[in-house]
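All remarks here apply to the structure that follows.
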Amino acid sequence: TQQRIDALKKKKAELEDEGFTVLETANAPESERDFDGVRIYQRNSGFSKTAAKLAEKYGVSIKDKVPEALKSFKGDFIVIIGNGSSKSDK
């Protein structure tokens, strides 16, 4: 829906305003979007300050095992915003 698109654009702008670089935005694969909240995956063990900032911002633990369905996405972090509005799914 247009409301969802507008909300995601706002979240992208917020991240960029806070100094994060957003390389791409896209729909997550079907297997990775049926949850409430936010999931964040980190590709490597570097960027510990960035990981801490993202974990604090979204109130989640950073996951280091990237699911196969997400491996084609670029970037050091993959932020998935679920279908619901809670801060985190876990």
Side-chain angles (χ1 to χ4, degrees):
T1 69
Q2 188 61 43
Q3 282 182 318
R4 179 117 170 103
I5 292 168
D6 291 344
L8 292 173
K9 285 180 181 179
K10 182 179 176 187
K11 288 182 186 292
K12 177 182 184 265
E14 287 172 2
L15 285 168
E16 291 172 334
D17 288 347
E18 292 175 25
F20 295 101
T21 300
V22 178
L23 296 179
E24 65 181 302
T25 57
N27 285 329
E30 192 73 33
S31 63
E32 296 297 322
R33 63 173 107 145
D34 191 21
F35 65 93
D36 288 345
V38 174
R39 292 181 184 165
I40 302 174
Y41 299 95
Q42 185 172 1
R43 291 188 178 277
N44 59 56
S45 61
F47 305 102
S48 59
K49 288 182 182 179
T50 302
K53 283 175 67 175
L54 285 168
E56 182 179 340
K57 176 177 179 58
Y58 291 107
V60 299
S61 296
I62 306 294
K63 301 174 186 217
D64 59 4
K65 185 174 181 190
V66 178
E68 193 64 39
L70 298 175
K71 289 189 176 179
S72 66
F73 288 88
K74 301 173 188 165
D76 297 306
F77 295 88
I78 300 170
V79 178
I80 307 286
I81 300 170
N83 293 322
S85 60
S86 65
K87 272 187 113 176
S88 170
D89 69 315
K90 295 182 183 174

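In what follows, residues are counted from 1 in the order of the sequence shown.
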Legend entry - Within 6.0 angstrom of E24 CD, more than 12 heavy atoms from elsewhere: yes

Legend entry - Heavy-atom neighbours of D64 CG exceed 12 at 6.0 Å: no

Inset, instruction - Give the cluster check for F47 versus L23: same hydrophobic cluster or not, with ILVMFWY residues linked at side-chain heavy-atom distances below 4.5 Å. - result: no

Inset, instruction - Might you work through the side chain to side chain contact (heavy atoms under 4.5 Å, CB included) test for D76 and T50, ending with a clear yes or no? - result: CA-CA 10 Å; D76 297 306; T50 302; over 6 Å; no

Legend entry - Basic-acidic side-chain contact under 4.0 Å: K71, E68: yes

Enter the distance from [X]:[atom1] to [Y]:[atom2] here, rounded to the nearest 0.5 Å.
X: I81; Y: I40; atom1: CD1; atom2: CD1; value: 9.0 Å
X: L70; Y: E32; atom1: CG; atom2: CD; value: 4.5 Å
X: L15; Y: T25; atom1: CG; atom2: OG1; value: 11.0 Å
X: I5; Y: Q2; atom1: CD1; atom2: CD; value: 5.0 Å
X: E14; Y: K10; atom1: CD; atom2: NZ; value: 5.5 Å

Nearest atoms (heavy-atom pairs only) where [X] meets [Y]:
X: Q42; Y: S45; answer: NE2-C, 4.0 Å
X: P29; Y: A69; answer: CG-O, 3.2 Å
X: I62; Y: Y41; answer: CG2-C, 4.4 Å

Legend entry - pair F20-V79: side-chain heavy atoms closer than 4.5 Å: no

Legend entry - Pairwise side-chain contact, K57 with E18, heavy-atom cut-off 4.5 Å (strictly under): yes

